[in-house]
Number of protein chains: 4
Amino acid sequence: MVGSKRSAGDVATTGSRRRAELLAIAADLFARRGFVVTTVREIADAAGILSGSLYHHFDSKESMVDEILREFLGYQQELYAEVLREEHDPRTTITELVRRSFQAMDRYRSAVTIYQNEAKHLAQFDRFAYLRRAGNDFERTWTKVLQQGQRDGVFRDDLHVKIAYRFIRDTVWTTVHWYNPRGRLNAQVIADQHVTLLCEGIMAPRA
Amino acid sequence: MVGSKRSAGDVATTGSRRRAELLAIAADLFARRGFVVTTVREIADAAGILSGSLYHHFDSKESMVDEILREFLGYQQELYAEVLREEHDPRTTITELVRRSFQAMDRYRSAVTIYQNEAKHLAQFDRFAYLRRAGNDFERTWTKVLQQGQRDGVFRDDLHVKIAYRFIRDTVWTTVHWYNPRGRLNAQVIADQHVTLLCEGIMAPRA
Amino acid sequence: MVGSKRSAGDVATTGSRRRAELLAIAADLFARRGFVVTTVREIADAAGILSGSLYHHFDSKESMVDEILREFLGYQQELYAEVLREEHDPRTTITELVRRSFQAMDRYRSAVTIYQNEAKHLAQFDRFAYLRRAGNDFERTWTKVLQQGQRDGVFRDDLHVKIAYRFIRDTVWTTVHWYNPRGRLNAQVIADQHVTLLCEGIMAPRA
Amino acid sequence: MVGSKRSAGDVATTGSRRRAELLAIAADLFARRGFVVTTVREIADAAGILSGSLYHHFDSKESMVDEILREFLGYQQELYAEVLREEHDPRTTITELVRRSFQAMDRYRSAVTIYQNEAKHLAQFDRFAYLRRAGNDFERTWTKVLQQGQRDGVFRDDLHVKIAYRFIRDTVWTTVHWYNPRGRLNAQVIADQHVTLLCEGIMAPRA
DNA sequence: CATGAATGAGGGTTCATTCAT
DNA sequence: TATGAATGAACCCTCATTCAT
């Protein structure tokens, strides 16, 4: 959609299979090596073409990340919206939000890494203003649940909500840096471990 | 082509006041803008000199981060060693480790940010191999305490130590991204909030 | 920091017509002005392109001289090998070696000049270690013939072979500094004058 | 004299002992590493001072070579003039010229190397126009003797004087590249070997 | 769709030189 | 005399991007 070079009359604005392949290759490199240090030539090399040829598919290097991030962000937002529509009690909501975060991570691994690593840097450009908005949306989603939980007496009332939010966010998102989707621990397991740690802490339950 | 540089009588390693100033300026920029995207010209501009003049003090842009990171890492390692020498019980040890982490963050704010953001990228170069070593040292320190706590029955025994370590590390270190040292919440307060969340979780204590 | 460059599908080593042109331009400048003082901008200017564009064809300024020298050296070594295979008597061998030296000089004029002027300086870098090897090969070739000639009684036996070799080498190679391929004296004539001087000296033959 | 920073009223315009030391250090580096690639910092390092401090003694890096070359050139010209004043027969003159060349080489080793390597490059600047003049003087000196020798029938009459001159010059001067003043072969011996080779060639004398 | 050649802006770095102290 | 900090110009090289073929 964004940055597509297809003309108006095109049926499939999101482009061909080749496009998707290239995007996956780029996402992988951006995630592993960083957006700034990844050169378009590296992407092209990995795709087996010359760097100039990439410009038949994309307007610019920026438009590649743009597309990568938008797709992930849309997916994540939809998953969160789902949870909210289901109207669980606060603890279950938290649990579900964490689970869906890991679900998105499972599907858009590279994109999450990129978001985690580069959002702050990219957000300063107008083109990526939506990254700020998405961040704020996420914050609102989580803090609302936390506040509700406090009102219900289910979360500790000495909780500094903003800190707690960041605490949760950091833990969940940064998992992407070490989480190995092909390892023994699948997303579900890790998600549940996280929820437990989040809710009960590391201390052994007293009797 | 050639290689060596600086020799007898030169300042590059001696450390003068000016040097320290320049290093602080560089650290600030590296932290705020990222190491890769920060240009030596920006550093020089911020210092009110020409870019070439930086090379009177430093061998390269790399040697600047190098120095910045080494100083922080040395300090942090010393603080952790102190804690271990004090031989507290596991929970107190955790508490103290968290506190000293925030203490280091207070003193080497920019360095911590840089470490957080760039370590992974830099560590791939021989020159920064010590970043990997330091990371491993930190991991060992924390996991030992967690394991001891489990053996003592004070930490939950269904705890996946490696995950817990990363959980803690992520939460503590990424704080640097939003923690404002001039804000109302000082390092001590935030550290203690963290320990509470870490230990008891976000749930209200039962009865 | 990183290092590698160029990869699959790239031209850097393939050699196209444009490449050869650029190499010739570079060789000419390196020979006339010196490798160190010749800037890539000068080369690019002479070629009517921008300096950056050179890097579409070559990895570096160094790799340009490298290629220039290797080609000449390979040619010269082949010519010498030919002479040896022909198994002449010592004096004829010397004559032929001199002739082929001038032949190589005729074909790779700039390269010879560069070799003459810069080999010593370049050879100190690993990349150009082959310059030392080539030099040693040349020395071995010549000294063997000189020694054989002495054993045969055709060369004076008070000849200090190493000195004689250098004597010959210096005379032959440095010719490139003033030899004008478009002048009246062609390579053959000069070569023969050299052989005469080398063999009989400047004195008039006695009776 | 040239490039001196001493003021008009100074008695010793050539400067102090320190000056001479620095000049020797510079000459050594220029000879070994090349004028262009030798940095003023290297010179300063070798002298145990900072690069800026050199400018208390010399106007510029150029003025250093300038002084080095002028001194050698003056000496050499004087030696040649001496030979001519002695009015020997052609062969003896040649012998003496070669000997005095080696004598100058012995005394101004570095300067000769520099002259050999850099004269062509430096001569293109107005400041070093005297290098061209000196070169022409040398040529005139040698060719006159060669021509006289031909007229006298002592040198072969099929000798191409210009080629012969260059032949001699190249052999004599380039010796500096490998001649080791501390080796077994002293200047006198090498000079005489040279004269023999020059006059009789490498062929064994017939019967 | 892809290639191959080029652009143009900018990046890190070097180095002779200056000058107040 | 020497230091130490700085200048300013230039250098090699990188890289996203363009475009004729």
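In this text, all values refer to a predicted model and were calculated from it rather than measured experimentally. Here is the naming used below: chain letters follow the sequence lines, and residue numbers restart at 1 for every chain.
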Of all the nucleotides listed (E:dT18, E:dA6, E:dT13), which has the minimum atom distance to the side chain of C:His56? E:dA6
Which part of the nucleic acid, if any, lies within contact of C:Ser53, taking any heavy atom under 4.0 Å across all strands shown: a base, the sugar-phosphate backbone alone, or nothing? base
Take atom CZ of D:Arg33 and atom C1' of E:dT14, then tell me their distance rounded to the nearest Å. 14 Å
Using heavy atoms to find the nearest nucleotide of DNA chain F for B:Leu50 and C:Lys61 separately, return the residue whose nucleotide is more 5′. B:Leu50
Ignoring hydrogens, what is the shortest heavy-atom contact between D:Leu22 and D:Ala47? Give both atom names and the distance. CD2-CB, 3.4 Å
Just how far, in rounded Å, is P of E:dC1 from CG of A:Leu22? 10 Å
Tell me: NE2 of B:His57 to C1' of F:dT3, nearest whole Å? 13 Å
Can you check the D:Glu21 CD to F:dT1 C1' distance for me, whole Å? 13 Å
Closest approach to the side chain of A:Ile49, judged atom by atom: which nucleotide of E:dG12, F:dC12, E:dT3 is it? E:dT3
Separation of F:dA2 P from D:Asp45 CG (nearest whole Å): 14 Å
Closest nucleotide among E:dG12, F:dA6, F:dT18 to the B:Val40 side chain: E:dG12
Go nucleotide by nucleotide along DNA chain F from the 5' end; which of A:Ser51 and C:Glu42 gets its closest nucleotide reached first? C:Glu42
Report the relative orientation of the aromatic rings in D:Phe125 and D:His121; use parallel for angles under 30°, tilted for 30 to 60°, perpendicular for over 60°. perpendicular
Between B:Thr39 and C:Arg18, who's closer to the 5' end of DNA chain E by nearest nucleotide? C:Arg18
Could you check how far CG of B:Leu54 sits from P of E:dT13, rounded to whole Å? 10 Å
Which is it for D:Phe30 and D:Ile43 under the side chain to side chain contact (heavy atoms under 4.5 Å, CB included) test, yes or no, and what are the steps along the way? CA-CA 9 Å; D:Phe30 290 158; D:Ile43 301 171; 3.8 Å; yes
Measure the spacing between NE2 of A:His57 and OG of A:Ser63 and express it to the nearest 0.5 Å. 12.0 Å
B:Arg41 has an atom CZ; how far is it from atom C1' of E:dA9, in whole Å? 11 Å
Just wondering, more than 12 heavy atoms not from D:Glu71 lying within 6.0 Å of its CD? no
If only side-chain N and O atoms of A:Tyr55 are considered, is one of them under 4.0 Å from the OP1 or OP2 phosphate oxygen of F:dT18? no
Whole-Å distance between F:dT3 P and B:Arg19 CZ? 19 Å
Symbol by symbol from the 5' end, with Watson-Crick or G-U pairs under 3.5 Å, [ ] crossing and | another strand, DNA chain E is .||||||||||||||||||||
Cation-pi, D:Phe35 ring and D:Lys61 (6.0 angstrom, 45 degrees): yes
Verify side chain to side chain contact (heavy atoms under 4.5 Å, CB included) between B:Asp66 and B:Leu122, making sure each step is shown before the conclusion. CA-CA 10 Å; B:Asp66 186 291; B:Leu122 292 174; over 6 Å; no
Please work out if D:Thr38 contacts a base, only the sugar-phosphate, or nothing of the nucleic acid, heavy-atom cut-off 4.0 Å. sugar-phosphate
